[in-house]
Amino acid sequence: MSDPIQKPDLDDSINVTETHGRIARQAAAAARENKLGENGTQPVSLWLFLALAVVLIIAGGVLGSGGSLFAYGTSFRDGYVRKPAPGDDDKGPQPKPAIIAYSARGSKIYSAKCGGCHGPGGQGDGANYPSLAGSAWVKGETERFAMIVLNGLQGPTSTGKAYGAAGMPAQGGGMSPEDLAGVMTFLRNGFGNTVGDIVTVDMAKAAMEISGKRAKAGQQVDAVELEADHKKNLPGDPLDPNTLVDPVTLAPAAAK
Ligand code: HEC
């Protein structure tokens, strides 16, 4: 037998309003509860954040004062001074004594143009190329030396010995006066040579003029011509080897 149909008790119908109110209150209470996310997660309680914040503040105080975690002293070196920013005093390469600046320029030219034949130490090879270390024509009159470099040489050389039929080819092509002055100064004061003077850029310019006016311009010089026309020093004011010059232009540095 089935349950008797539950019919509303008409005597209780006066409580419908009250029942309605109760249902509404329950629904409101349920709505205030934390909602589950779609994947089942629950929002984290604000109390938890508050508790963690307290823990962090205490931990920070302990580590920061006694410990080294936040201690500024360990990352700050005593006596550290920041380098001054580059200013007006620090523009480009600093001036150097002429003997150093000229020789540095000359050393590069020598490696590029001469060392292949005369050897990295200027010692020659005894058979095909003469030594420039100790050479009387390197250490002697500068005009003679310059004419050999600019025009090449048909032996004999300063020792009377001739090296090969072709002689030395001209090296003046592409050389600036600074290059010529540099390589001559380098050789007169390097590889054991100790003349102690500077072949200046002005002297090198004069050498180029003299070379262009030679009767046999374009041909190698030989011992006869060197002896007759070029056994003298190049014109130009001497330069004290300690004079400060610009290492690039080789011009005397302006007095400051
Ligand atoms: C291609 C090889 C070659 C190159 C490069 C060369 N020379 Fe020579 N040089 C010779 C030869 C060879 C002689 C000897 C010539 C002869 O006997 O006919 C010589 C002779 C000389 C002499 C004469 C030395 C003496 O005591 O009589 C001088 C100085 C000299 N060279 C300087 C230079 C300089 C400086 C350079 C570079 C700018 C240079 N040479 C580049 C081959 C070369």
Side-chain angles (χ1 to χ4, degrees), residues 98-212 214-234 236 239 241 250:
I99 187 71
I100 292 177
Y102 273 71
S103 295
R105 173 74 157 257
S107 170
K108 285 192 192 137
I109 301 298
Y110 182 83
S111 302
K113 291 205 150 215
C114 324
C117 288
H118 290 283
Q123 76 288 354
D125 67 354
N128 302 301
Y129 307 111
S131 173
L132 301 183
S135 159
W137 286 355
V138 168
K139 298 193 287 180
E141 288 81 350
T142 53
E143 184 173 318
R144 179 174 53 201
F145 181 13
M147 290 308 117
I148 296 171
V149 178
L150 290 174
N151 300 287
L153 174 69
Q154 185 64 59
T157 61
S158 63
T159 60
K161 178 174 174 178
Y163 294 76
M168 168 174 151
Q171 301 297 313
M175 257 197 203
S176 68
E178 289 79 9
D179 294 341
L180 179 61
V183 77
M184 288 178 70
T185 301
F186 171 69
L187 284 171
R188 286 166 77 81
N189 298 288
F191 300 151
N193 299 336
T194 54
V195 181
D197 65 356
I198 304 284
V199 177
T200 67
V201 174
D202 282 346
M203 292 174 190
K205 283 180 185 158
M208 288 174 165
E209 272 178 37
I210 294 167
S211 178
R214 283 174 58 222
K216 294 195 205 169
Q219 297 178 37
Q220 291 162 308
V221 292
D222 58 24
V224 175
E225 182 191 336
L226 290 175
E227 177 71 25
D229 298 343
H230 305 298
K231 197 179 173 185
K232 49 193 167 194
N233 283 318
L234 291 163
L239 184 68
L250 302 183

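On a predicted model such as this, the values are computed, not experimentally measured, just so you know. Remember, it's 1-based here, ligands and their atoms both numbered in the order they're listed.
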Holding to side chain to side chain donor-acceptor pair (under 3.5 Å), I want the full list of residues that pass it with Q123, two or more places apart in sequence or in another chain.
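If we apply the side chain to side chain donor-acceptor pair (under 3.5 Å) test to Q123, skipping adjacent residues, there are no hits.
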
Only counting residues at least two apart or in another chain, list the ones meeting side chain to side chain donor-acceptor pair (under 3.5 Å) with Q220.
none

Quick one: table the atom pairs, ligand 1 N or O against protein N or O, below 3.5 Å, distance rounded to 0.1 Å.
| from | atom 1 | to | atom 2 | distance (Å) |
| --- | --- | --- | --- | --- |
| ligand 1 | 7 (N) | H118 | NE2 | 2.8 |
| ligand 1 | 9 (N) | H118 | NE2 | 2.8 |
| ligand 1 | 17 (O) | Y163 | N | 2.7 |
| ligand 1 | 18 (O) | G155 | N | 2.6 |
| ligand 1 | 26 (O) | S135 | OG | 2.6 |
| ligand 1 | 26 (O) | S158 | OG | 2.6 |
| ligand 1 | 27 (O) | S158 | N | 2.8 |
| ligand 1 | 27 (O) | S158 | OG | 3.3 |
| ligand 1 | 31 (N) | H118 | NE2 | 2.9 |
| ligand 1 | 40 (N) | H118 | NE2 | 2.8 |

Are side-chain heavy atoms of V199 and F145 found at a separation under 4.5 Å?
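They are not in side-chain contact.
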
Any pair counted as side-chain hydrogen bond (donor to acceptor under 3.5 Å, both in side chains), so long as it reaches residues 185-194, sequence neighbours left out:
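Output for this query lists R188-D197.
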
Would you kindly say whether H230 and E225 are connected by a side-chain donor-acceptor distance under 3.5 Å?
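Yes.
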
Nearest heavy-atom neighbours spanning R144 and K231
NH1-CG, 3.8 Å

